[in-house]
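All figures in this text were calculated on a predicted structure; none of them were measured in a lab. Residues take their numbers from the sequence shown, with the count starting at 1.
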Amino acid sequence: MNNKAFTTSDQVRLNYLEEGSGNPLVMIPGWSQTAEQWKPQIEELSTTYRCLALDMRGHGDSDKPDYGYSVYRLAKDVHEFLTQNNLSNVTLMGHSMGCSIIWAYWELFGADRLSRLVLVDEAPFITLNSSWSSEELAAAGGILPSEAVTELCNAISGPDGEAARANLISGMLTAQCPDDLKQWILACNTRLPRRQAAALLYNHCHQDWRNIIPRIDIPTLVIGGRVSLVPWTAVEWIAQQIPGARLEIFEADEGGQHFLLMENPQKFNRLVAEFIS
């Protein structure tokens, strides 16, 4: 894989990985994740497609400024990345917060330069409201009440922040996840400084995408996990809102937790390849 970089309009150098040729498949990692965590996808799919995986600002090998840690700024970074690299007919694939970046991109830029979307295991609105009806809760997929989000972000930015982050990530893996894979995922996560990680997580958790998702009108593959911390019912709701969207749910014995793309890359890669072929 080739390490490359580009500079955003606000002078932040962002790292990305590139391999292969053909129609572009651009991969956006989740909160505190890195471009290299798409390695199983790049290695297999780059035989047919031009695979590009982006380290968002503060993440991985990208610059770590003190500004710009909001989902909408990250969406602008993605648009600038596609524009500077003259990419079109793009399949844009996001995992976790990467989906939120795609939804913000859609609100800002619509389908500009895009042909398909792959949305992997994200809720339309992470912060829940206890007054919602059961139908609203199922659709939003809320995970944490507002006060719990604040406590979590304060813990991550506090003196025991690495332990708090490790505990959060550990809850996103199945019991069958190999320990070496778990430790590698945790190590990748520590490369986003804790203060910036907390600021971005707080912003991310308070975004409500339920009025954006139904406006998507390009082919979309939606993937979730049956035992993920993101309720599979919310992932199903996303697929139901997008005309013609394809839904795939990984079962518990298929690595069907939040990091399903890493726990079961064989099935994941097959589904993506079938969708974009």
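Side-chain contact between V149 and P145 is absent, with no heavy-atom pair separated by less than 4.5 Å. Taking 4.5 Å as the limit, every side-chain heavy atom of I223 sits out of range of all side-chain heavy atoms of L119. Here the side chains of Y49 and S277 are in contact, with some heavy-atom distance below 4.5 Å. Inter-residue side-chain proximity for V78 and I102 is flagged as unmet; no heavy-atom pair is nearer than 4.5 Å. Between F81 and L14, every side-chain heavy-atom pair lies at or beyond the 4.5 Å cut-off. In this structure, the side chains of I185 and M262 come closer than 4.5 Å at one or more pairs of heavy atoms. The closest side-chain heavy-atom distance from T91 to V26 is not below 4.5 Å. In this structure, H59 and L200 have side chains that are in contact, with non-hydrogen atoms separated by less than 4.5 Å.
Aromatic ring centres of Y69 and W31: separated by at least 6.0 Å.
Checking side-chain atoms of Q183 against main-chain N and O of D180 turns up no donor-acceptor pair under 3.5 Å. Looking only at distances, a side-chain donor or acceptor of E136 sits under 3.5 Å from a matching main-chain atom of S133. Here the side chain of S115 pairs a donor or acceptor atom with the backbone of V90 at under 3.5 angstrom. No donor-acceptor pair under 3.5 Å is formed between the side chain of S96 and the backbone N or O of G98. Between the side chain of K64 and the backbone N or O of S62 there is at least one donor-acceptor pair closer than 3.5 Å.
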Set out, in order, the CA-CA distance, both residues' side-chain angles and the distance that settles side chain to side chain contact (heavy atoms under 4.5 Å, CB included) for M1 and E18, then state yes or no. CA-CA 6 Å; M1 287 179 288; E18 182 174 355; over 6 Å; no
Please step through side-chain hydrogen bond (donor to acceptor under 3.5 Å, both in side chains) for the pair H258 and E122, ending with a clear verdict. CA-CA 9 Å; H258 193 53; E122 179 62 306; 5.8 Å; no
Could you go through T8 and E80, starting from their C-alpha distance and side-chain angles, then the distance that decides it, and tell me whether this counts as side-chain hydrogen bond (donor to acceptor under 3.5 Å, both in side chains)? CA-CA 7 Å; T8 66; E80 291 177 3; 4.6 Å; no
So M93 and L117, side chain to side chain contact (heavy atoms under 4.5 Å, CB included) or not? Walk me through it. CA-CA 6 Å; M93 178 161 65; L117 301 178; over 6 Å; no
Kindly indicate, with the supporting measurements, whether the criterion side chain to side chain contact (heavy atoms under 4.5 Å, CB included) is fulfilled by I143 and F125. CA-CA 8 Å; I143 300 169; F125 193 1; over 6 Å; no
Determine whether N3 and L17 satisfy the following criterion, side chain to side chain contact (heavy atoms under 4.5 Å, CB included), listing intermediate values before the conclusion. CA-CA 5 Å; N3 273 83; L17 304 177; 3.4 Å; yes
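Residues L137 and W209 do not share a hydrophobic cluster, defined by chaining ILVMFWY side chains whose heavy atoms lie under 4.5 Å apart. Following chains of ILVMFWY side-chain contacts shorter than 4.5 Å, one can reach I212 starting from L92, so the two form part of one hydrophobic cluster. Both L74 and Y67 sit in one connected hydrophobic cluster of ILVMFWY residues. Membership requires side-chain heavy atoms under 4.5 Å apart, directly or through other members. Hydrophobic cluster membership differs between V227 and L144, with clusters built from Ile, Leu, Val, Met, Phe, Trp and Tyr side chains linked at under 4.5 angstrom. Under the 4.5 Å side-chain contact rule for hydrophobic residues, L201 and M172 share a cluster.
A donor atom on one side chain and an acceptor atom on the other are not found under 3.5 Å apart for Y72 and Q207. Using modelled atom types, one finds no donor on one side chain facing an acceptor on the other under 3.5 Å when comparing Y105 with D112. Counted by atom type alone, E263 and T174 present one or more donor-acceptor pairs between their side chains at under 3.5 Å. In this model, a donor atom of one side chain and an acceptor atom of the other lie less than 3.5 Å apart for S32 and N189. Side-chain contact of N269 with E44: a donor-acceptor pair under 3.5 Å is present, judged by distance alone.
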Which side-chain N or O atoms in residues 234-245 pair as donor and acceptor under 3.5 Å with protein atoms at least two apart or in another chain?
| residue | atom | partner | partner atom | Å |
| --- | --- | --- | --- | --- |
| Q241 | NE2 | W237 | O | 3.3 |

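Shortest non-hydrogen contact noted between A140 and A123 is O-CB, 3.5 Å. Counting all heavy atoms, side chain and backbone alike, P124 lies closest to A139 at CG-O, 3.3 Å. Contact detail for S46 and C51: the closest heavy-atom pair is N-SG, 3.6 Å. Taking all atoms of both residues into account, the shortest heavy-atom contact from R226 to A252 is CB-N, 4.3 Å. A pairwise comparison of heavy atoms in N89 and P24 identifies O-CD, 3.9 Å as the closest pair. Here the shortest heavy-atom pairing between D208 and N211 reads O-OD1, 4.0 Å.
Salt-bridge check for E36 with K39: failed, with every basic side-chain N at 4.0 Å or more from each acidic carboxylate O. Salt bridge annotation for D66-R195: present, with a cationic side-chain nitrogen under 4.0 angstrom from a carboxylate oxygen. A salt bridge between R57 and D10 is present, with a side-chain N of the basic residue lying under 4.0 Å from a carboxylate O of the acidic one.
For S157, the side chain to side chain contact (heavy atoms under 4.5 Å, CB included) test picks out A198, with sequence neighbours left out. For S131, the side chain to side chain contact (heavy atoms under 4.5 Å, CB included) test picks out N129, with sequence neighbours left out.
Taking a 6.0 Å sphere around NZ of K267, one finds it holds more than 12 heavy atoms contributed by other residues, nucleotides or ligands.
Rounding to the nearest 0.5 Å places CG of L152 at 4.0 Å from CD1 of I156. For the atom pair N15 CG and M56 CE, the distance stands at 12.0 Å (nearest 0.5 Å). In this structure, F250 CZ and L271 CG are separated by 5.0 Å, a value rounded to the nearest 0.5 Å. Between the OG1 atom in T47 and the CD atom in E19 there is a gap of 10.0 Å [rounded to 0.5 Å]. In this structure, T48 OG1 and L45 CG are separated by 7.5 Å, a value rounded to the nearest 0.5 Å. Distance CE/M27 to CG/L52: 8.0 Å, rounded to 0.5 Å.
Screening W106, F6, F109 for a ring pair (Phe, Tyr, Trp, His ring centres under 6.0 Å) with H79, the sole residue that qualifies is F109. For the side-chain contact (heavy atoms from CB on, under 4.5 Å) criterion with F259, the lone passing option out of V120, N264, D121, I169 is I169.
Between H95 and W38, the angle of the ring planes goes over 60°, which puts this pair in the perpendicular group of the 30/60° scheme.
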